[in-house]
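Below is one structure, written out as structure tokens, with a few remarks after it.
Because the structure is a prediction, the values reported are computed rather than measured. Nothing fancy with the numbering, it's 1 onward along the sequence.
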Amino acid sequence: MRLLYLLLFISSAVSASPSSTLYVKVKDNDVCVFTKGGYDKAYGNQTLIYMGKVDGMNAFHSSYSNTYLNLKMPIIEENCIKIKASEFKEPFPYDVILETDQSYTQRICVNRTAEGKTVLVDAKADLEKGIYCGTNQYDYSSNSLWTKLKNLYYWLINFFN
């Protein structure tokens, strides 16, 4: 019975969100996005990725977009969609959005080391500064317990349908 209550709580928390989490890693020195979702094919065979720089007070300035046709959904890291690291201008946070039949978003910060290696750093928010990039490396691929519970929930829903 407790498991049922837990699943109902997770369901209400997940469905209250207008968009799902977009996961991000660095692959071959470029930014790579994937969904960890349950869809194999995009609705209408179209996948749109767009992103924009977020200035300190949360204004969005579009900087990149690309539409992919007949693309297998990037649900796992190995099938991720790459965005060239050169599309990210330092030191600004970016909102990256992937649109299919559902919207996936993530706010990220991209930095380059002195050796030219692309790294992801934490995006921070402050009442005085607004949105800005921190200095610590950050894992946007989220292998946290909460993510694992959400993945288990989606697996159970797909299993019983």
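Of the possible polar contacts, one joining the Asn29 side chain to the Gly116 backbone as a donor-acceptor pair under 3.5 Å is found. With hydrogens and angles ignored, the 3.5 Å screen pairs a side-chain donor or acceptor of Tyr94 with a backbone N or O of Lys89. In terms of modelled atom types and a separation under 3.5 Å, the side chain of Asp30 and the main chain of Ala85 share a donor-acceptor contact.
The shortest side-chain heavy-atom distance between Ile131 and Arg107 falls under the 4.5 Å cut-off. Between Ile97 and Leu22, every side-chain heavy-atom pair lies at or beyond the 4.5 Å cut-off. A heavy-atom distance below 4.5 Å is found between the side chains of Phe34 and Ser141. Looking at heavy atoms from C-beta onward, Asn45 lies in side-chain contact with Asn70 at the 4.5 angstrom threshold. Taking the side chain as every heavy atom from C-beta outward, Val31 and Ile108 approach each other to under 4.5 Å. Side-chain contact between Lys36 and Ile76 is absent, with no heavy-atom pair separated by less than 4.5 Å. For the pair Leu98/Pro74, a side-chain contact is recorded, criterion being any heavy-atom separation below 4.5 Å from C-beta on. Inter-residue side-chain proximity for Leu120 and Val24 is flagged as met; some heavy-atom pair is nearer than 4.5 Å.
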- Task: Show your working on side chain to side chain contact (heavy atoms under 4.5 Å, CB included) between Cys80 and Lys27 and close with a plain yes or no.
- Result: CA-CA 9 Å; Cys80 67; Lys27 189 173 185 179; 3.8 Å; yes
- Message: With side chain to side chain contact (heavy atoms under 4.5 Å, CB included) as the criterion, how do Tyr68 and Ile49 come out once you've worked through the C-alpha distance, each side chain's angles and the decisive distance to 0.1 Å?
- Response: CA-CA 8 Å; Tyr68 298 90; Ile49 290 186; 4.1 Å; yes
- Run the numbers on Thr47 and Ile81 for side chain to side chain contact (heavy atoms under 4.5 Å, CB included), then give the verdict. CA-CA 10 Å; Thr47 302; Ile81 298 174; 4.3 Å; yes
- Message: Apply side chain to side chain contact (heavy atoms under 4.5 Å, CB included) to residues Thr35 and Met73 and explain how you reach the verdict.
- Response: CA-CA 8 Å; Thr35 65; Met73 280 295 293; 4.0 Å; yes
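Taking hydrophobic clusters as Ile, Leu, Val, Met, Phe, Trp and Tyr residues chained together by side-chain heavy-atom distances below 4.5 Å, Val121 does not share a cluster with Ile83.
Of all the heavy atoms in Ser65 and Tyr50, the pair that sits closest is CB-CB, 3.7 Å. In plain terms, the two heavy atoms of Cys133 and Pro91 that are nearest each other are SG-O, 3.3 Å. Here the shortest heavy-atom pairing between Pro93 and Cys109 reads CA-SG, 3.7 Å. Shown here for Thr135 and Asp122, the closest heavy-atom pair between the two residues is N-OD1, 3.5 Å.
The line from CD1 of Ile75 to OH of Tyr104 is 9.0 Å long, rounded to the nearest 0.5 Å. Rounded to the nearest 0.5 angstrom, Ser63 OG and Asp95 CG are separated by 10.0 Å. Note that OH of Tyr132 and NZ of Lys124 are 5.0 Å apart. Values are rounded to the nearest 0.5 Å. How far CD of Gln106 is from OG1 of Thr21: 6.5 Å, rounded to the nearest 0.5 Å.
Residues in residues 77-88 take part in these side chain to side chain donor-acceptor pair (under 3.5 Å) pairs, two or more places apart or across chains: Asp28-Lys82.
Take Tyr138 and apply the ring-ring contact (aromatic ring centres under 6.0 Å, His included) test, not counting sequence neighbours, and it matches Tyr140.
No donor-acceptor contact under 3.5 angstrom links the side chains of Thr100 and Gln102, judged on distance only.
A cation-pi arrangement is found for Lys53 relative to Phe92, the charged atom lying closer than 6.0 Å to the ring centre and inside a 45° cone about the ring normal.
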